[in-house]
K.L.:
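Quick one: structure below, then a few questions.
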Amino acid sequence: MFAGLTDKARAARINRTLATLYPDARCLLDYSNALELLVATILAAQCTDKKVNEVTASLFRRYRSAADFANADPAQLEQEIKPTGFFRQKAKSVIAACRALVERHGGRVPESIEELTALPGVGRKTANVVLGNVFGQPAIIVDTHVLRLAARLRLSKETDADKVEKDLQALLPPGEWTAFSHRIGFHGRQVCFARNPAHDRCAIAQWCPSRP
DNA sequence: ATCCCGAGGG
DNA sequence: CCCTCTGGAT
C-alpha cells in the first residue's frame with residue numbers, strides 16, 4: 001500500500017500514465033521475423049539496442065535461416081558480433097540455439113516459453129521478448145529497466161527477475177504485460193535512469209515511493 | 001567507477 | 001546466492 005492505493009490500483013495508474021506518455025513504446029531491436037528477434041535479443045545482453053542494430057544490419061543479410069547460424073564458423077561469427085560484447089559466449093549461444101532449432105523444431109522458432117527457454121543461451125527474458133513481440137502472447141519482459149523500476153516503484157520486493165515477473169503478472173492484466181514492459185523500458189531510459197533518476201520531471205512520481 | 005533490453009555455471 | 005563473460009559509453 002502506497003499513496004492510499006493497493007499495489008494493483010497503483011500499477012494500473014502507472015501503466016495508464018506511461019501509456020499516454022509513450023504511445024509508441026515498442027521493441028527497439030530491428031528484426032523482420034522471429035529468428036532475427038531471437039538472435040538480436042541474445043546479442044542484447046548487457047548491450048544497448050542501438051549497438052545490436054548496428055551489428056545485425058549486416059549480420060541478417062549474411063545469415064538468413066537457423067541453419068545458416070547453426071553452420072556458422074564460430075570465429076567468424078565472433079568477429080561479426082564483437083561490438084555487442086560477451087562475443088564468445090554470444091556466438092556460442094547463437095550457434096547452439098540455432099542448432100537446437102534445426103534439430104528439434106525444423107528450423108522454426110517455437111512459440112512456448114518452455115521450448116524457448118530450453119534452447120541453449122535463451123532465458124526467460126529472451127523468450128518473453130520473442131513471445132510478446134512476434135507471437136502476440138502476454139509477456140512481462142524483465143530486463144534491467146523493468147527490474148530497476150519495479151524495485152523503485154515498489155511493485156515488487158523481490159530482486160530475482162523470475163519472481164519480479166510473477167509479481168508484475170499479478171498486478172496487471174495479461175493484455176497489458178508486453179506493452180507495460182516496453183513503457184517501463186522507455187521510462188527507464190528517458191527519465192528513471194539507473195544512476196540519477198530525474199524525479200523532477202517524472203510523470204509517475206506521485207505513485208513512486210522512491211521520489212525525494 | 002558504473003551501466004547497457006542476460007544466461008549459465010558453481 | 002555468487003561469479004564470469006565483454007567492451008564501449010558516460
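To find a chain, count down the sequence lines: A is the first, B the second, and so on, and within it residues start at 1. What you see below is based on every heavy atom in this structure, not just the backbone, and it leaves out hydrogens, waters and symmetry mates.
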K.L.:
Categorize A:Gly185 for me: base, sugar-phosphate, or nothing, with a 4.0 angstrom heavy-atom threshold over every strand shown.
P.N.:
nothing
K.L.:
Using heavy-atom distances to pick each residue's nearest nucleotide on DNA chain B, tell me which of A:Cys27 and A:Val122 is more 5'.
P.N.:
A:Cys27
K.L.:
Run the numbers on A:Glu54 and A:Lys50 for salt bridge (charged side-chain N to carboxylate O under 4.0 Å, His left out), then give the verdict.
P.N.:
CA-CA 6 Å; A:Glu54 288 170 14; A:Lys50 183 169 172 288; 3.3 Å; yes
K.L.:
Using the rule given for side chain to side chain donor-acceptor pair (under 3.5 Å), can you reason through A:His145 versus A:Arg148, listing the C-alpha separation, both sets of side-chain angles and the distance that settles it, and then say yes or no?
P.N.:
CA-CA 5 Å; A:His145 300 293; A:Arg148 182 176 71 254; 3.1 Å; yes
K.L.:
Does any non-hydrogen side-chain atom of A:Val191 lie less than 4.5 Å from one of A:Phe186?
P.N.:
no
K.L.:
Classify the ring geometry between A:Phe69 and A:Tyr63 as parallel (under 30°), tilted (30 to 60°) or perpendicular (over 60°).
P.N.:
parallel
K.L.:
So A:Arg183 and A:Glu176, salt bridge (charged side-chain N to carboxylate O under 4.0 Å, His left out) or not? Walk me through it.
P.N.:
CA-CA 10 Å; A:Arg183 289 163 192 152; A:Glu176 295 295 313; 3.1 Å; yes
K.L.:
Would you please confirm or rule out a distance under 4.0 Å between OP1 or OP2 of B:dC5 and any side-chain N or O of A:Ser181?
P.N.:
no
K.L.:
Mind checking the P distance from B:dA7 to C:dG8? Whole angstroms is fine.
P.N.:
23 Å
K.L.:
Measure from CZ on A:Arg88 to C1' on B:dG9 and round the result to the nearest Å.
P.N.:
18 Å
K.L.:
Could you give the distance separating C:dT6 and B:dG10 at their P atoms, to the nearest angstrom?
P.N.:
16 Å
K.L.:
When you list every nucleotide of DNA chain C with an atom under 4.0 Å from a heavy atom of chain A, which one comes first 5' to 3', and which comes last?
P.N.:
C:dC1 to C:dT10
K.L.:
When you compare the side chain of A:Arg10 with that of A:Pro209, does any pair of heavy atoms fall below 4.5 Å?
P.N.:
yes
K.L.:
Rounded to whole Å, how long is the line connecting atom OH of A:Tyr31 with atom P of B:dC5?
P.N.:
16 Å
K.L.:
Whole angstrom is fine here: how far is it from CG in A:Asn133 over to P in B:dC5?
P.N.:
15 Å
K.L.:
Do any of residues 37-69 of chain A sit with a heavy atom less than 4.0 Å from DNA chain B, and if so which?
P.N.:
A:Ala44, A:Ala45, A:Gln46, A:Cys47, A:Thr48, A:Asp49
K.L.:
Hey, does A:Pro83 reach any base, or is it just sugar-phosphate, or nothing, if we go heavy atoms under 4.0 Å?
P.N.:
nothing
K.L.:
Does any N or O in the side chain of A:Ser65 come within less than 3.5 Å of the main-chain N or O of A:Asp68, such that one atom is a donor and the other an acceptor?
P.N.:
yes
K.L.:
Identify which one of A:Leu28, A:Val146, A:Asn133 satisfies the side chain to side chain contact (heavy atoms under 4.5 Å, CB included) criterion when paired with A:His182.
P.N.:
A:Asn133
K.L.:
Does a side chain donor of either A:Gln137 or A:Asn128 reach within less than 3.5 Å of an acceptor in the other side chain?
P.N.:
no
K.L.:
Can you list, in residue-number order, the parts of residues 140-168 of chain A that come under 4.0 Å of DNA chain B, counting heavy atoms only?
P.N.:
A:Ile141, A:Asp143, A:Thr144, A:His145, A:Arg148
K.L.:
Is there side-chain contact between A:Thr56 and A:Val39, with heavy atoms separated by less than 4.5 Å?
P.N.:
no
K.L.:
Rounding to the closest angstrom, what is the interatomic distance between C:dC1 and B:dC4 at atom C1'?
P.N.:
23 Å
K.L.:
Base, sugar-phosphate, or nothing: which does A:Leu28 touch, judged by heavy atoms less than 4.0 Å apart?
P.N.:
base
K.L.:
Looking at A:Arg124, does any N or O in its side chain come under 4.0 Å of the phosphate oxygens OP1/OP2 on B:dG6?
P.N.:
no
K.L.:
Assuming nearest nucleotide by heavy-atom distance, tell me which of A:Arg195 and A:Phe86 is located more 5' along DNA chain C.
P.N.:
A:Phe86
K.L.:
Is there a path of hydrophobic side-chain contacts, each under 4.5 Å between heavy atoms of I, L, V, M, F, W or Y residues, that connects A:Phe86 with A:Val122?
P.N.:
no
K.L.:
How many whole angstroms separate atom CG of A:Asn196 from atom C1' of B:dC3?
P.N.:
12 Å
K.L.:
Would you measure the distance from the P atom in B:dC5 across to the matching atom in C:dC3 and give it in whole Å?
P.N.:
23 Å
K.L.:
Is the shortest heavy-atom distance from the side chain of A:Lys92 to the side chain of A:Pro74 under 4.5 Å?
P.N.:
no
